[in-house]
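Worksheet: one structure, shown below.
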Amino acid sequence: MHTFGHPVDMVGLMDVAARFSLPVVEDAAESLGSTYHDRHTGTFGCMGVLSFNGNKIITTGGGGAILTNDPDTARQAKHLTTTAKQPHRWEFVHDAVAYNYRLPNLNAALGCAQLERLPDFLTRKRQLAENYRKTFAHIPGIHFIDEPEGCHSNFWLNAVRLSGSSMSVRDALLAVANDAGYQCRPAWTLLNKLPMYQDCPRAELPVAEALEASLINLPSSPKLAELLT
Ligand SMILES: Cc1ncc(COP(=O)(O)O)c(C=O)c1O
């Protein structure tokens, strides 16, 4: 998963996957427009997925796309996302448990129009990130989450990491920011803290817990690029 649009270390990941013969499916839901060493995220593994949900860099209202270079995988994905119905002039025969996950044509048409705007969205997102980078460079204890070296990020969702934070410090800062009219948010609540997973086995999660207590997402709409310059 390319979190917040920032590419994962794909060379490292593909190397581990190759050693253990694991197929890699990239969750590029957040990273349309991001590249790792000039190669687009979502194109390294056997499959990649994109999201066109309303909160993503381009939207079709809902839905997404699967990327693959393997024709068999593409055929199988299309089959399973279109109810696995066998082609027939009148029979309704489905040959697998499958889903009604197709992207309707109306949404796809919106997606085509949104794709034309993607370069502009990417430029504005980069400009906004540049503003945040400059602003936070002078504030001790707050680190702007930047694109990794060799990568070009879409900066889908800007974030800062607080040094030595705790949940109460994070929440106090979120309250101040939101009271001042800045819609800042925490990153996700860890799944093991959600009620339905309370009884599931889990390991110690010191890294995830530290990140949960220290990450703050910043307003990231491309519209903000001009406001902050
Ligand atoms: C990393 C990641 N994966 C998957 C999804 C789910 O995408 P969708 O809302 O299109 O199902 C999202 C979006 O919310 C996401 O950020």
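Atoms within a ligand are numbered from 1 in the order they appear, just like the ligands themselves.
When all heavy atoms of V8 and M1 are compared, the pair lying nearest together is CG2-O, 3.0 Å. Taking both residues in full, the closest heavy atoms of Q114 and T59 are given as OE1-N, 2.8 Å, listed atom of the first, atom of the second, then distance.
Aromatic ring centroids of Y36 and H152 lie 6.0 Å or more apart.
Ion pairing between D72 and R75 holds under the 4.0 Å rule for side-chain N and carboxylate O. A salt bridge links R126 with E147; the closest basic N to acidic carboxylate O contact falls under 4.0 Å.
Taking atom 16 (O) of ligand 1 as the reference point, the nearest protein heavy-atom neighbour is E30 OE2, 2.5 Å. What sits closest to atom 10 (O) of ligand 1 on the protein, heavy atoms only, is S51 OG, 2.6 Å. Counting protein heavy atoms only, atom 12 (C) of ligand 1 is closest to K56 NZ, 3.6 Å. Ranking protein heavy atoms by distance to atom 5 (C) of ligand 1, first place goes to A29 CB, 3.9 Å.
Under the 4.0 angstrom criterion, atom 8 (P) of ligand 1 counts as having a protein heavy-atom contact.
Without hydrogens or angle criteria, K125 side chain to S220 main chain gives a donor-acceptor distance under 3.5 Å.
Counted by atom type alone, E26 and H2 present one or more donor-acceptor pairs between their side chains at under 3.5 Å.
Those atoms of ligand 1 that come under 4.0 Å of a heavy atom in N53, given as number and element, are 9 (O), 10 (O). Ligand-side atoms of ligand 1 in range of M1: 1 (C), range being under 4.0 angstrom from any heavy atom.
For ligand 1, none of its N or O atoms has an N or O atom of N55 under 3.5 Å away. For a threshold of 3.5 Å applied to N or O pairs, the pair formed by D27 and ligand 1 contains at least one separation below that value.
In this structure, G63 counts as a contact residue of ligand 1, since one of its heavy atoms falls inside 4.0 Å of the ligand.
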